[in-house]
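Bear in mind that the values here come from a model prediction, so they are computed numbers and not experimental data. Indexing begins at 1, ligand by ligand and atom by atom, following the structure's order. Positions are given from 1 along the sequence.
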Amino acid sequence: MKIYNTLSKSKEEFIPLKEGEVKMYVCGPTVYNFIHIGNARPMIVFDTVRRYLEYKGYHVQYVSNFTDIDDKIIKRANEEGVDASRISERYIKECQKDMEGLNVEQATVNPLATQEIDGMLQMIRILIEKGHAYRAGDGTVYFRTKSFKEYGKLSHKNLEELQAGHREIKVAGEGAKEDDLDFVLWKPKKEGEPYWESEWCEGRPGWHIECSVMAKRYLGDEIDIHAGGEDLIFPHHENEIAQSEAANGKPFAKYWMHNAFLNIDNRKMSKSANNFFTVREISERYPLQVLRFFMLSAHYRSPLNFSSELIESSKNGLERILTAVDHLTYLLKEKEVSKCTEKERQTLLQAEEYKKKFETAMEDDFNTADAIAAIFELVKFVNTNSSAENSAEYLQALKDMLVLYCGILGIIAERKEELLDEEIEALIQERQLARKEKNFARADEIRKELIEKGIILEDTREGVKWKRS
Ligand code: AMP
Ligand code: ZN
């Protein structure tokens, strides 16, 4: 399996640090508002990478943070006259709802920056001890960039170029730095801002240090894959490398993966350019798996332009796949158990070709565009090679294939069967009876089953009420 590594600017064979295991860290969003669909691109893309690695049998530890302390969060909190934590808690919940809709698997851990301050203080102390960081007069602690000889190795910039660029964008008001390239590890609080005690000043961490610390705490000094959007290559990831490698004395991440932007009218979608759609807005018009399917219709390193035509066409494409699965479900419904004939066995072998195509695409730096093309070919094959004449075993095998490949992309190909009102009423009656008999396990089971089918129960004084979610 090949992965394009930003560090070497080439596709490399994937060899994990430890056989059978993958440690993966993905930079998560800053939570001051609803996430936009540009933010959803890395979530979907790297969740798909994880799913494919799991399909290959790797045990994946997947860590993705929430940046819950930052200027934008504080600004929003001040506008609303509430604590910064109120803002971040609210938007973490909203983000998690969106991620659930997008069928992003639960991370192994979702650390929060504000819960990891001790680790940050600790790493900053080590950097100071080793001569890689220093305290300026106003209490700001800076990383001494030139002390890390390999600085620039990820973004492929040399120090002189960087220095020239930096002089122009020097931020006014920063405490006296030794060098323009030095970046903040810890900064003094401003009036009305949340802060933490430290030996340097009452203040808060810089953005970059949080990821170095969270990756170390939950995955260790060396990890396999570090990922995020391409705007993070510089300075965020470059700085993470400098901090982690200087502090830990070990190479930080083996493979650096970066997704290209989601654009609108060929411009990056972003909050600051005010050209964005939130995931929530899209969810009002489309099931979110249409958005997921749309994101995966391009290779993750290619820019992707968002338009209503393209999302419509994703909707139609996905519908074609779901209809093929519906068709197989329909054929299977009334079928007695029956084994494959010899001819059917041969046909299934032919269908294996699409599995090969799918896997070859995914092995080539997760080319989901080609993987989806293989699924469409399989759909066509299924449509021309399945009928009421076929055996149940054969039809089931075709259906399993479609469901499996879609599942690796995080697409649920099998539509949920709608429960009829009478069926719901019957289950509710059974649950009431189970409760009366103190069989709470069964009662809970029924509740869960109903939730999975989109039915929400409400225990009221007048009895149990239900509605469809
Ligand atoms: P932020 O909340 O801005 O730190 O962004 C969270 C993640 O979304 C980062 O990995 C960004 O690189 C990524 N991101 C932000 N905007 C876009 C976009 N328009 N297209 C793709 N990725 C984006
Ligand atoms: Zn990060």
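Residue-environment remark: CG (Asp265) stays at or below the threshold of 12 foreign heavy atoms within 6.0 Å. Heavy atoms of other residues, nucleotides or ligands lying less than 6.0 angstrom from CD of Glu100 number 12 at most.
Ligand 1 is surrounded by Pro29, Thr30, His36, Gly38, Asn39, Pro42, Gly228, Gly229, Asp231, Leu232, Asn259, Ala260, Phe261, Leu262, Lys268, Met269, each with at least one heavy atom closer than 4.0 Å.
Inclusion of His237 in the first shell of the Zn ion (ligand 2) is not supported: no N, O or S atom falls under 2.8 Å. For residue His208, no N/O/S atom approaches the Zn ion (ligand 2) to within less than 2.8 Å.
The atom of Glu240 that is an N, O or S and sits closest to the Zn ion (ligand 2) is OE2.
Between Lys18 and Glu222, none of the side-chain N atoms (NZ, or NE/NH1/NH2) sits under 4.0 Å from a carboxylate O, so this pair counts as no salt bridge. Taking a cutoff of 4.0 Å between a charged side-chain nitrogen and a carboxylate oxygen, Asp179 and Arg144 do not qualify as a salt bridge.
Geometrically, Arg320 engages Phe376 in a cation-pi contact defined by less than 6.0 Å to the ring centre and at most 45° from the axis. Judged by the 6.0 Å distance and 45° axis criteria, Lys2 is not positioned over the aromatic ring of Phe14.
Aromatic rings of Phe148 and Tyr151 (six-membered ring for Trp) have centroids beyond the 6.0 Å cut-off, not under it.
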